[in-house]
Amino acid sequence: MNKILIIAPHPDDETLSSGGTLLKHRSTGDEIHWLIITNISEKDGWGIEKIIERQEEIKKVSKAYGFKSVHKLDFPTMKLDSIPMSTLVERVSNIISKIRPHIIYLNDENDIHTDHQISFKASMSSVKSFRHPYIQRILMYETLSETEFTAPLEGKAFQPNVFVDITNYFEQKCSIMLEYTSEVMEPP
């Protein structure tokens with residue numbers, strides 16, 4: 001059994017990116033954990049109804065995946081650039097030390113969203129092997145609507161080199177995504 005940690009800048013990034021892979025891990029007996037970097041709050045201008053809705057979505061999604069643990073750092077969404085990097089690194093490192101994961105999934109460093117860029121940097125600073133020798137693999141994921149909007153400059157485009165067949169989990173992943181009623185919109 002492996003311990004898997006998905007680090008998500010925002011709730012829904014775990015599903016958009018690696019939902020099927022997480023379900024596959026769980027089906028093989030792996031233990032899956034979820035770290036959410038940001039959250040919404042009244043002090044940042046969010047209405048109480050929206051906050052309650054978001055927390056309910058997180059509970060439903062957590063239950064659907066069967067996460068062993070969910071950790072919310074509660075940093076303000078769309079404002080990670082106002083948090084000292086040392087604070088982010090310390091908080092992410094503390095969760096990693098607590099879980100002791102073998103495999104970590106984190107967002108691509110070149111995602112267009114600033115919160116994603118900062119989450120990546122803090123996460124990578126937190127996974128140094130001398131701090132956490134039990135980590136065997138670190139994989140970056142593509143987050144639809146954030147990764148593909150990056151300008152395809154040399155060395156900046158997402159270049160996957162690990163592929164996971166999620167055919168048996170795709171419908172369940174899509175079903176879980178629908179739990180994010182506040183995020184799912186009409187195309188495009």
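Just so you know, these numbers use all the heavy atoms, side chains as well, and skip hydrogens, waters and symmetry mates. The model shown is predicted, which means the values in this text are computed figures rather than measured ones.
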(message) Nearest 0.5 angstrom please: Phe75 CZ to Thr87 OG1, how far?
(response) 6.5 Å
(message) A side-chain contact here means heavy atoms from C-beta on lying under 4.5 Å apart; do Lys3 and Ile32 qualify?
(response) no
(message) To the nearest 0.5 Å, what is the distance between CD on Glu56 and CD1 on Ile51?
(response) 13.0 Å
(message) Does either side chain, that of His25 or that of Tyr65, offer a donor lying less than 3.5 Å from an acceptor on the other one?
(response) no
(request) Evaluate the side-chain proximity of Arg26 to Phe67: yes if any heavy-atom separation is below 4.5 Å, no if none is. (result) no
(request) Start with the C-alpha gap between Ile7 and Ile104, add the side-chain angles, then the distance that decides, and say whether side-chain contact (heavy atoms from CB on, under 4.5 Å) holds. (result) CA-CA 7 Å; Ile7 301 175; Ile104 296 178; 3.8 Å; yes
(message) Distance check, rounded to the nearest 0.5 Å: Asp165 atom CG versus Lys24 atom NZ?
(response) 5.0 Å
(request) Supply the atom-to-atom distance Ile6 CD1 to Ile103 CD1, rounded to the nearest 0.5 angstrom. (result) 11.5 Å
(request) Evaluate the side-chain proximity of Glu31 to Ile4: yes if any heavy-atom separation is below 4.5 Å, no if none is. (result) no
(request) Determine, step by step, whether Ile96 and Ile135 satisfy the side-chain contact (heavy atoms from CB on, under 4.5 Å) criterion, reporting the C-alpha distance in whole Å, the side-chain angles of both residues, the deciding distance to 0.1 Å, and the verdict. (result) CA-CA 9 Å; Ile96 290 170; Ile135 297 172; 4.1 Å; yes
(message) Do Trp34 and Ser62 have side chains that approach each other closer than 4.5 Å (heavy atoms only, starting at C-beta)?
(response) yes
(request) Verify whether one side chain among Thr15 and Asp12 offers a donor that lies under 3.5 Å from an acceptor in the other. (result) no
(request) Would you tell me whether Glu142 and Ser17 have side-chain atoms, one donor and one acceptor, within less than 3.5 Å of each other? (result) no
(message) Could you tell me if Asn110 and His116 have a donor-acceptor pair between their side chains, going purely by distance under 3.5 Å?
(response) no
(request) Check for a donor-acceptor pair, side chain of Lys72 on one end and backbone N or O of Leu35 on the other, with a separation under 3.5 Å. (result) no
(message) Closer than 3.5 angstrom, by distance alone: can the side chain of Arg137 be matched with the main-chain N or O of His102 as a donor-acceptor pair?
(response) no
(message) Using the rule that Ile, Leu, Val, Met, Phe, Trp and Tyr join whenever any side-chain heavy atoms are under 4.5 Å apart, tell me whether Leu73 and Val127 fall into a single cluster.
(response) yes
(request) With rounding to the nearest 0.5 Å, note down the distance linking CZ in Arg54 to CD in Glu57. (result) 5.5 Å
(request) Tell me yes or no: between the side chains of Ser27 and Tyr169, is some donor less than 3.5 Å from an acceptor? (result) yes
(request) Determine the minimum heavy-atom distance between Tyr180 and Pro11, stating which atoms define it. (result) OH-C, 3.7 Å
(message) If we ignore hydrogens and angles and just use 3.5 Å, is the side chain of Lys50 paired with the main-chain N or O of Glu42 as donor and acceptor?
(response) no
(message) Can you give me the closest heavy-atom contact between Asn107 and Ser119, atom names plus distance?
(response) OD1-CB, 3.9 Å
(request) For residues Pro9 and Leu80, determine if any side-chain heavy atom of one lies less than 4.5 Å from a side-chain heavy atom of the other. (result) no
(message) In the structure I gave you, are the side-chain heavy atoms of Thr143 and Asp108 within less than 4.5 Å of one another anywhere?
(response) no
(message) I'd like to check His10 versus Ile37 (side-chain heavy atoms, cut-off strictly below 4.5 Å). Are they in contact?
(response) no
(request) Keeping the roles fixed (side chain from His132, backbone from Tyr134), state whether a donor-acceptor pair exists under 3.5 Å. (result) no
(message) Evaluate Ile99 against Lys68 for side-chain contact (heavy atoms from CB on, under 4.5 Å), listing each step before the verdict.
(response) CA-CA 10 Å; Ile99 296 170; Lys68 172 96 174 174; over 6 Å; no
(message) Please check this pair: side chain of Asp44 against backbone of Ser41, looking for a donor-acceptor N/O pair closer than 3.5 Å.
(response) no
(request) For Pro76 and Thr38, work out which heavy atoms get closest and say how close. (result) O-CG2, 4.1 Å
(message) Is it the case that the side chain of Asp30 and the backbone of Asn2 share a donor-acceptor pair, with hydrogens and angles ignored and the cut-off at 3.5 Å?
(response) yes
(message) I need the Asp115 CG to Asp81 CG distance, nearest 0.5 Å.
(response) 7.5 Å
(request) In sequence, state the C-alpha distance, the side-chain angles, and the governing distance for Leu106 and Met140, and then conclude on side-chain contact (heavy atoms from CB on, under 4.5 Å). (result) CA-CA 5 Å; Leu106 55 102; Met140 289 185 290; 4.0 Å; yes
(message) With a 6.0 Å cut-off (strictly less than), is the heavy-atom count around NZ of Lys121, excluding the residue itself, greater than 12?
(response) no
(message) Please give me the minimum heavy-atom distance between Val89 and Ser126, naming the atom from each residue.
(response) O-OG, 3.2 Å
(request) Please answer: with hydrophobic residues joined when any side-chain heavy atoms are less than 4.5 Å apart, are Ile36 and Ile52 in the same cluster? (result) no
(request) May I ask you to test the Thr21-Lys173 pair for a side-chain heavy-atom distance under 4.5 Å? (result) no
(message) Please find the pair of heavy atoms, one from Leu88 and one from Ala122, that lie closest to each other, and give the distance.
(response) CB-CB, 3.7 Å
